[in-house]
There are 2 protein chains.
Amino acid sequence: MPATGTGDRIAEALQLVRGTLPITRRVCQPGTAIYEAGEVFRSLHIVHAGVFKLVTRSSDGREQVTGLQFKGDWLGFDGVASGRHGADAVAIDTSEIWTVRYEDLLRACATQPALMHLMHVAMSREMTRDRDMLLSICTLPADARVAGFLQQWASALAERGLRTDQITLRMTRAEIGNSLGMKLETVSRALSRLARDGLIAFCGTGRRDITIPDVDALGAIAGRHAATLQ
Amino acid sequence: MPATGTGDRIAEALQLVRGTLPITRRVCQPGTAIYEAGEVFRSLHIVHAGVFKLVTRSSDGREQVTGLQFKGDWLGFDGVASGRHGADAVAIDTSEIWTVRYEDLLRACATQPALMHLMHVAMSREMTRDRDMLLSICTLPADARVAGFLQQWASALAERGLRTDQITLRMTRAEIGNSLGMKLETVSRALSRLARDGLIAFCGTGRRDITIPDVDALGAIAGRHAATLQ
DNA sequence: CGAGTCCTTGACCCGCGTCAACGGCCGTGG
DNA sequence: CCACGGCCGTTGACGCGGGTCAAGGACTCG
């Protein structure tokens, strides 16, 4: 499958960063944290391969997956405001991360407007995504949220030119549930219902590999529910 | 009550922007929208007085309050990524807004690192706030969310040096509920329970003016619930 | 004084959380 | 080789928090 326009944009962005800044690369195994909440903020990171989850914690022990970052997404913006990170960034797949010192980035931005805009776009996109997430969680029932999650995952892969005919979820049911504001049993049931209705199909031995015959049909089930509201 | 450290920071930030950029000022009545979802993005806005809500909408008619912005907060970042706004920004009180063209801002940032950092801090803070919101909504029961909402509102006022002994909620129960992911009846019941337990008290004729004898006690009820989880 | 909006409170119900049992897949060690 | 325990996923039964529906009170603006 050829890279899409968005995929090209991501590649260009990565090029631009690599061309204008000193970066360090690092490969991470699933489970390793790039940074953790409370750590002093010094650097930003760009996902070059793999997937990361952002985990926000409260002082009393509650925790919440507040974002999933794919290739081209940035990590670490949460530290800019206070000088300390506000979440953990954990690899959920074998991943490669590029790291740039925030200081270097600021300096480079002064002479490279394109670079600055790039960063702003990344932050802006992330804010929009967070809000869409909030919208889904607050207004959709469990099944639609799971369907939306799969659709988002699939389109994230598609944008990056990766195969979407067969998808391997790199998260447990509990993690998916946490990121969607529901419990693991609810995720399991939702997936079973989606499979029964033919919107997805499990393949392979484990139950983490799925195929999505029609991505748009998945996205439509959110709308279908909303329609019954009126 | 004297301005706190944070209040000073906000004042300084406003000074810096006004000193280095052409801005336009505008006073808004409650209900007026600074921008709406879908509009072409050209400018950023800084709240100079009053309160704004951000309303995110889905294509099928669901809508969600995804943020409240007080003095010193910025509006419009959601438009940077795509060139179009992704939400409505609506005044919920008589407010004054300062507007700067994004283009001008970028130019000024090239020579004024402090200005650039200021903007980054504002974006970063907003992302952190969004995620804390998600955490609350996904992990706390209704009463604790309402308590947290009041606490946040009170501390937003306190940071800006405004009186917090008596607070006027500038939103209907429906709006509060929407922003917290619950229905207006649930908000009403939660407030009644908080009042019965002495954590808040209604004052004045309408039921929008409340006093909070102990702000920290309000914040603690979230933790109290979390403690029972273990 | 009437209409409209907002808020409160009760009664009922349902989606999802909780608890529990069970099966599959893995790595480890006898 | 199989036995074992740990983790993950599925499914059922049941209960509860909060959504839904409905009635009524308080305030505001004509």
Side-chain angles (χ1 to χ4, degrees), chain A residues 30-31 62 64 92 136-150 167-197 200-210 221-222 224-226 228-230, chain B residues 29-31 62 64 92 136-150 168-197 200-210 221-222 224-226 228-230:
Chain A
R62 292 168 288 135
Q64 179 67 30
I92 61 174
S136 294
I137 287 181
C138 288
T139 62
L140 291 178
D143 284 23
R145 300 214 294 268
V146 172
F149 172 85
L150 295 175
I167 290 179
T168 301
L169 300 175
R170 310 241 163 235
M171 308 165 75
T172 66
R173 302 291 190 257
E175 282 178 309
I176 295 172
N178 182 288
S179 83
L180 295 175
M182 66 186 75
K183 294 295 160 182
L184 67 93
E185 294 93 332
T186 308
V187 177
S188 181
R189 282 187 247 265
L191 287 172
S192 297
R193 276 188 290 264
L194 291 175
R196 180 161 38 72
D197 298 346
I200 64 171
F202 289 103
C203 51
T205 156
R207 308 220 74 199
R208 292 210 189 170
D209 299 297
I210 61 170
I221 105 161
R224 203 177 321 148
H225 168 261
T228 67
L229 283 181
Q230 323 289 2
Chain B
Q29 295 307 312
R62 291 168 287 134
Q64 178 67 30
I92 62 175
S136 294
I137 287 182
C138 288
T139 62
L140 291 178
D143 284 22
R145 302 212 295 267
V146 172
F149 172 85
L150 296 175
T168 301
L169 299 174
R170 311 239 163 237
M171 310 166 71
T172 66
R173 303 290 191 257
E175 283 177 310
I176 296 172
N178 181 289
S179 84
L180 295 175
M182 66 186 76
K183 294 295 161 182
L184 68 94
E185 293 93 332
T186 307
V187 176
S188 180
R189 281 187 247 265
L191 287 172
S192 297
R193 275 187 290 263
L194 291 174
R196 179 164 38 72
D197 298 347
I200 64 172
F202 289 103
C203 52
T205 158
R207 309 220 73 198
R208 292 209 190 170
D209 297 298
I210 62 171
I221 106 159
R224 202 175 325 144
H225 168 262
T228 67
L229 282 180
Q230 323 289 3

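Quick note on labels: first sequence line is chain A, next is B, and so on, each numbered from 1. These numbers come from a predicted model, not from an experiment.
- Put simply, the side chain of A:E175 and the base of D:dC8 share no donor and acceptor less than 3.5 Å apart.
- Set against D:dC8, D:dT11, C:dT9, the side chain of A:T172 has D:dC8 as its closest nucleotide.
- With hydrogens and angles ignored, no donor-acceptor pair closer than 3.5 Å exists between the side chain of B:R207 and the base of D:dG25.
- Side chain A:R189 to base C:dT18: a donor-acceptor pair is found below 3.5 Å.
- At a threshold of 4.5 Å between non-hydrogen side-chain atoms, the residues A:L150 and A:L169 count as touching.
- Remark: the backbone N or O of B:N178 is paired with a side-chain donor or acceptor of B:Q64 at under 3.5 angstrom.
- Rounded to whole Å, atom C1' of D:dC21 lies 12 Å from atom CG of B:L184.
- Among the nucleotides C:dT9, D:dT11, C:dG17, the one closest to the side chain of A:M182 is C:dG17.
- Comparing D:dG9, C:dC7, D:dG19 by their closest approach to the side chain of B:R208 singles out C:dC7.
- With rounding to whole Å, B:D143 atom CG is found 14 Å from D:dC16 atom C1'.
- For A:T186 and C:dC16, the shortest distance from a side-chain N or O to OP1 or OP2 is not below 4.0 Å.
- What separates CG of A:D209 from P of D:dG9 is a distance of 12 Å, to the nearest Å.
- Rounded to a whole Å, the CG atom of B:N178 is 12 Å from the P atom of D:dG19.
- Spacing between atom CE of A:M171 and atom C1' of D:dC7 amounts to 17 Å, rounded to whole angstrom units.
- Contact of the B:T186 side chain with the B:R189 side chain is not registered, since no non-hydrogen atoms from C-beta on lie closer than 4.5 Å.
- Positionally, the nearest nucleotide of DNA chain C for A:A142 lies more toward the 5' end than for the other of A:A142 and A:E185.
- Within the nucleic acid shown, A:G181 comes within 4.0 Å of sugar-phosphate atoms alone, with no base atom in reach, counting heavy atoms only.
- In this entry the distance linking CZ of B:R196 with P of C:dT8 reads 13 Å, nearest Å.
- Of the possible donor and acceptor atoms, one in the side chain of A:R145 sits under 3.5 Å from a partner among the backbone N and O of A:L180.
- Rounded to whole Å, the distance from CZ on A:R170 to C1' on D:dC8 is 16 Å.
- Protein atom CZ of A:R173 is 14 Å distant from nucleotide atom C1' of C:dC25, rounded to whole Å.
- Residues A:F202 and A:L191 form a side-chain contact, since some pair of their non-hydrogen atoms from C-beta on lies under 4.5 Å apart.
- The side chain of B:S188 sits closest to C:dT8 out of D:dT20, C:dG17, C:dT8.
- Residue A:T205 places at least one side-chain N or O closer than 4.0 Å to OP1 or OP2 of C:dC25.
- Phosphate proximity of C:dT9 to B:S192: present, with a side-chain N or O under 4.0 Å from OP1 or OP2.
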